[in-house]
*Asks:* 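Sending over a structure as structure tokens; questions will come in a sec.
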2 protein chains.
Amino acid sequence: MADYDTEEEFLKHYNVRQYDLPLATVDMAIFTVQDQQLQVLLVKRALHPAKGQWALPGGFIDMKKDQSLSDTAYRKLKEKTGVDTPYLEQVATFGNASRDPRGWSLTVSYFALISSDQTTLSMDSRSEEVAWVPVTQVGELELAFDHEQILQACHERLRAKVQYTSVPVNLMPEVFTLVELQKTFEIILGSPIEKKSFRRRIADADILEETGEMKSGPSRPAKLYRVKNKGENYFFTRLMEGAR
Amino acid sequence: MADYDTEEEFLKHYNVRQYDLPLATVDMAIFTVQDQQLQVLLVKRALHPAKGQWALPGGFIDMKKDQSLSDTAYRKLKEKTGVDTPYLEQVATFGNASRDPRGWSLTVSYFALISSDQTTLSMDSRSEEVAWVPVTQVGELELAFDHEQILQACHERLRAKVQYTSVPVNLMPEVFTLVELQKTFEIILGSPIEKKSFRRRIADADILEETGEMKSGPSRPAKLYRVKNKGENYFFTRLMEGAR
DNA sequence: AGAATAGTGTCTGTTAGACATTATGCT
DNA sequence: AGCATAATGTCTAACAGACACTATTCT
């Protein structure tokens, strides 16, 4: 390659198109808790490659529409679910020569948490089928590409975080009871949590505020809470239950 | 885009070159502890863009040489340091339209840990200058692109991990004493650690074995240890010191 | 009143921090 | 012997787990 005196000169002669570049996509595991299960959003691919197979929602970075990687993630999320204020976290990037039949490709994975009451699934432009699938049942589906591995990485990250952060509050609706919150934590953790321990942690974290309302049912009503500072999440100094 | 009956048919007509793709690179923070400081390897860029500026070692994914993303990372590490068995961990991927003047670009960042006794810096093919710089002094250097932000992310990840994993053992030479190991932990943590607590943790983790040798000095000699299972690292259930 | 669920009190076990004490080699 | 540093003993504080107990509403 020729060298140039100034960067300006260099850039004038620079043409990206002359290089072989890997395909770059963003894929997401969008989680919600519904029917007492952790569910993930999947789409049935309408186009080649892996046409007809279930896959994580995602797609190419659109260099016109997206200013940054997370823009791509937000755009995809909005397209599939209509939700635009999820909890979003980048998980890992998978890239190699063989994961996509079109050639060397790389995908940046994110997971998103949304509350089940926000979700109204939308058929997207390419009229793909879209569905919530319990993560425990994804194994039966033979996901496209390496999406099973990607989902596993996202799921593992979420399960790790339930043990030492308040992140799962992002799966809750606007207001909720402590029992409901605990149930959500337990569903992600996959095992029951001792009630007093759980409440102590949540109280110490100081992340909730009472709404003043109560949720009544067939027995003693429960206080309703909302998240104090949405988007902030609390890190505990010790792991909870099932640790190690 | 036309549709095809079979994936084979689709792939026959598929040409990556017809798409605009972001530039894809790998950048690394290669850490070592030397002179009682955490140091990071930097290179002075020999070519545009950002010619003459210090930067993290890294570069384009070579779709011929590299089978996967981590191959690119290992290749870069080997080129700069000659080391081929580091501790390597992917940190995050940064991608946006403005971080590189050549256009929309994305970089996958890794950090590597190597022991200072393995390092023999090598000028690479493009005869870049290569140097170890204490992380505390990087601020004075005005790194190229967004490399300061990338370095910060890598540094933060390492500092977080010193609090709850045994990862820093990967900065040690083949054999070492517990006092030396503690010193390394303290350098990364940035604050002193109580000796007994530290030794209890290390003993509980059961990651070291005695070599049988002693390191003698001007006073009582210390037992020498080596890592039991290189590559494995231990996760503690509670954070150490300085937490929160 | 009794059922059912919400919410609290309190004991135990584990482990990190503090700091005193002992151990061992050198000059 | 005395110094310097390695290694250990032991007390305390913080917090998670266990589980019994109390509180409040409904039927």
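Computed from a predicted model, the values in this text were never measured in an experiment. First the proteins, then the strands, lettered A, B, ... as listed; each starts at 1.
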*Asks:* So does B/K196 reach the base of D/dG9 with its side chain, donor to acceptor, closer than 3.5 Å?
*Replies:* yes
*Asks:* Ignoring backbone atoms, test whether A/S219 places a side-chain nitrogen or oxygen under 4.0 Å from the OP1 or OP2 oxygen of D/dT25.
*Replies:* no
*Asks:* Rounding to an integer number of Å, can you tell me how far A/Q182 CD sits from D/dG17 P?
*Replies:* 11 Å
*Asks:* Look at the side chain of A/R220 against the base of C/dA4 and say whether a donor-acceptor pair falls under 3.5 Å; ignore hydrogens and angles.
*Replies:* no
*Asks:* For D/dA14 and A/R238 - does any side-chain N or O of the residue sit under 4.0 Å from the phosphate oxygens OP1/OP2?
*Replies:* no
*Asks:* Mind calculating the distance between CD (B/E194) and C1' (D/dA13) to the nearest angstrom?
*Replies:* 14 Å
*Asks:* Classify the side-chain pair A/T32/A/S116 by whether it contains a donor and acceptor separated by less than 3.5 Å.
*Replies:* no
*Asks:* Quickly work out the A/R199 CZ to D/dG17 P distance and round it to whole Å.
*Replies:* 15 Å
*Asks:* With no hydrogens and no angle check, just 3.5 Å: does a side-chain donor-acceptor pair link B/E89 and B/Y87?
*Replies:* yes
*Asks:* CD1 of B/I193 versus C1' of C/dG17: gap in Å, rounded?
*Replies:* 12 Å
*Asks:* Side chains of B/S105 and B/R99: donor-acceptor distance under 3.5 Å anywhere?
*Replies:* yes
*Asks:* Answer yes or no: side-chain N or O of A/K223 and base N or O of C/dA6 forming a donor-acceptor pair under 3.5 Å.
*Replies:* no
*Asks:* If you check every side-chain atom of A/R200, which of D/dA7, D/dA16, C/dG17 has the closest atom?
*Replies:* D/dA16
*Asks:* How many Å lie between NZ on A/K195 and P on C/dG9, as a whole number?
*Replies:* 13 Å
*Asks:* Measure from CD1 on A/I202 to P on D/dC15 and round the result to the nearest Å.
*Replies:* 15 Å
*Asks:* In whole Å, I'd like the distance from the CZ atom of A/F198 to the P atom of C/dG7.
*Replies:* 12 Å
*Asks:* Could you tell me whether B/K215 atom NZ has more than 12 heavy atoms of other residues or ligands within 6.0 Å of it?
*Replies:* no
*Asks:* If you compare every side-chain N and O of B/S216 against the phosphate oxygens of C/dG25 (OP1, OP2), does one of them come in below 4.0 Å?
*Replies:* no
*Asks:* We want to know whether B/D27 and B/T107 form a side-chain donor-acceptor pair, criterion being a heavy-atom distance below 3.5 angstrom.
*Replies:* yes
*Asks:* Whole Å only: how far is the CG atom of A/D204 from the P atom of D/dA16?
*Replies:* 7 Å
*Asks:* Check every atom of D/dT8, C/dG17, C/dA6 against the side chain of B/M240 and return the nucleotide holding the closest atom.
*Replies:* C/dG17
